[in-house]
Number of protein chains: 2
Amino acid sequence: MLIGELANRSDVPAKTIRYYEELGVLPPPRRTAGGYRDYDDTAVDRLGFVRAAQAAGLTLAQIRDVIALREGGIAPCSHVVALLNEKAEVVADQIASLRALQRELERLHEQARGIDPADCDPRSVCEVLAPRPGPVVRAAKE
Amino acid sequence: MLIGELANRSDVPAKTIRYYEELGVLPPPRRTAGGYRDYDDTAVDRLGFVRAAQAAGLTLAQIRDVIALREGGIAPCSHVVALLNEKAEVVADQIASLRALQRELERLHEQARGIDPADCDPRSVCEVLAPRPGPVVRAAKE
DNA sequence: CTTGACCTTCCACTGTGCTGGAACCCTTAC
DNA sequence: GTAAGGGTTCCAGCACAGTGGAAGGTCAAG
């Protein structure tokens, strides 16, 4: 099957499929006489795996490594479990930061209630955002 | 004061200060005869505001716009409140996605318990990540 | 023989907030 | 005069997962 059909069947854009190949997430398929990529059905399974792994929050680099283990003849299960645990920690941290930010936003909301724009000292730009309490919390990333 | 002193006093790297100027977050200061940036004390306040606004999760572009209002003689308070509300919504969504991801990770953890690597069909790469239920949840971004 | 759909490669760009480095100028002390 | 320690500009790149577009090759139908 050509790349367009694979794209349709897997619901992954052809452009992305080529990108995955470049990253090593998808093995280079054989080519037709004309130089077109020619996939077999396992490519559909593979893309399904990639989607499942992304849904679990793995990066393409991690997914590539998992696949490399499998291609090297090693069942990657324990490696995958370790990745999932790692990810679970990261997610917990992210949730914690976001919750802290949520609290900060609530505080600012409260604070805004008590402010008359006319009282606002232009030097502070806007007192609604006046910094106050303890450790500064940066917005969570990723 | 020169940029280095401002950097020390505000705890923002000189490089970052120049970057903020380029973005329009900091007004271009006057220059010394030798071409050095020469700041007054208001620059320290301004950087304090930027940090507070970042702590509330605003982007530099949003911060720039808030500052532009203030420089245009308009008290930006109501605009800021709107931004904070917007941000609060985004944060709530992010927390929801991360929690969904957390549940998915727990599910996979459970699932992994019942799997013997030897049973794993290489076609699926690793059954620990076998997709299962309904809507696929992508990892939260930002 | 040409049109159109499909495929190929390659390079650049997106958003976000910086950071690093090169090559060069200014100021002060020695 | 020269060295150190500021400062200046501009260009490049980081992570991340793609996306857009140009220039061109392949293949089947009309």
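Every chain is numbered from 1, with letters handed out A, B, ... down the list of sequences.
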- Item | Residue pair A:Ile3 / A:Ala14: nearest heavy atoms and the distance that separates them |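 Of all heavy-atom pairs spanning A:Ile3 and A:Ala14, the closest is CD1-O, 3.6 Å.
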
- Message: For A:Cys126 versus B:Pro76, what's the shortest heavy-atom pair and its separation?
- Response: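 Minimum heavy-atom contact is CB-CG, 3.8 Å.
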
- Message: Working to the nearest 0.5 angstrom, can you tell me the gap between B:Met1 CE and B:Leu6 CG?
- Response: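 Result: 5.5 Å between the selected atoms.
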
d([atom1], [X]; [atom2], [N]) in whole Å:
| X | N | atom1 | atom2 | result |
| --- | --- | --- | --- | --- |
| A:Arg30 | C:dC7 | CZ | P | 15 Å |
| B:Leu58 | C:dG15 | CG | C1' | 17 Å |
| B:Gln54 | C:dG17 | CD | P | 7 Å |
| B:Glu22 | C:dT19 | CD | P | 14 Å |
| A:Leu23 | D:dC16 | CG | P | 12 Å |
| B:Asp65 | C:dT16 | CG | P | 12 Å |
| A:Tyr19 | D:dG20 | OH | P | 15 Å |
| B:Leu60 | C:dT19 | CG | P | 11 Å |

- Message: Using modelled atom types and a 3.5 Å cut-off, is there a donor and acceptor pairing between side-chain atoms of A:Arg64 and backbone atoms of A:Gly24?
- Response: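 Flag not set: sc A:Arg64 to bb A:Gly24 has no pair under 3.5 Å.
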
- Look at atom CD of A:Glu71 and say whether more than 12 heavy atoms of other residues, nucleotides or ligands are closer to it than 6.0 Å.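 Above 12, so yes.
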
- Query: Does CD in A:Glu89 sit with more than 12 non-hydrogen atoms of other residues, nucleotides or ligands closer than 6.0 Å?
  - Reply: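 No, the 6.0 Å shell around CD holds no more than 12 heavy atoms from other groups.
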
- Check whether any side-chain N or O of A:Thr16 sits under 4.0 Å from OP1 or OP2 of D:dT19, and answer yes or no.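 Looking at the OP1 and OP2 atoms of D:dT19, one of them is under 4.0 Å from a side-chain N or O of A:Thr16.
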
- Message: Can you see if the side chain of B:Tyr20 gets near the phosphate of C:dC18 - specifically, an N or O under 4.0 Å from OP1 or OP2?
- Response: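 Checking B:Tyr20 against C:dC18: at least one side-chain N or O falls below 4.0 Å of OP1 or OP2.
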
- Side chain of B:Arg18: nearest nucleotide among D:dG18, C:dT8, D:dT8?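 Given the options D:dG18, C:dT8, D:dT8, the side chain of B:Arg18 is closest to D:dT8.
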
- Choose from D:dG18, C:dT8, C:dG17 the nucleotide whose nearest atom is closest to any side-chain atom of A:Arg31.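 Out of D:dG18, C:dT8, C:dG17, the nucleotide with an atom closest to A:Arg31's side chain is C:dT8.
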
- Quick one: which of A:Arg107, A:Arg113, A:His109 gives a side-chain hydrogen bond (donor to acceptor under 3.5 Å, both in side chains) with A:Gln111?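 Among A:Arg107, A:Arg113, A:His109, the one that satisfies the side-chain hydrogen bond (donor to acceptor under 3.5 Å, both in side chains) with A:Gln111 is A:Arg107.
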
- What is the per-nucleotide protein-contact pattern of nucleotides 21-29 of chain C, from the 5' end, where B denotes a base atom under 4.0 Å from a protein heavy atom, S denotes such proximity for sugar-phosphate atoms only, and - denotes neither? B----BS--

- Query: Is there a side-chain contact between A:Leu129 and B:Leu84, using heavy atoms and a 4.5 Å cut-off?
  - Reply: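 Yes, close enough: below the 4.5 Å cut-off.
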
- Message: Students often get this wrong, so: under 4.0 angstrom with heavy atoms, is B:Arg37 touching a base, only sugar-phosphate, or nothing?
- Response: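 Sugar-phosphate contact only - B:Arg37 comes under 4.0 Å of backbone atoms but never of a base.
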
- Query: How far apart are the C-alpha atoms of A:Val80 and B:Leu108, what are their side-chain angles, what is the distance that settles it, and do they pass the side-chain contact (heavy atoms from CB on, under 4.5 Å) test?
  - Reply: CA-CA 10 Å; A:Val80 167; B:Leu108 292 172; over 6 Å; no

- Task: Using a cut-off of strictly less than 4.0 Å between a heavy atom of the residue and any atom of DNA chain C, enumerate the qualifying residues of residues 1-14 of chain A by number.
- Result: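 A:Leu2, A:Ile3, A:Gly4, in order of number.
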
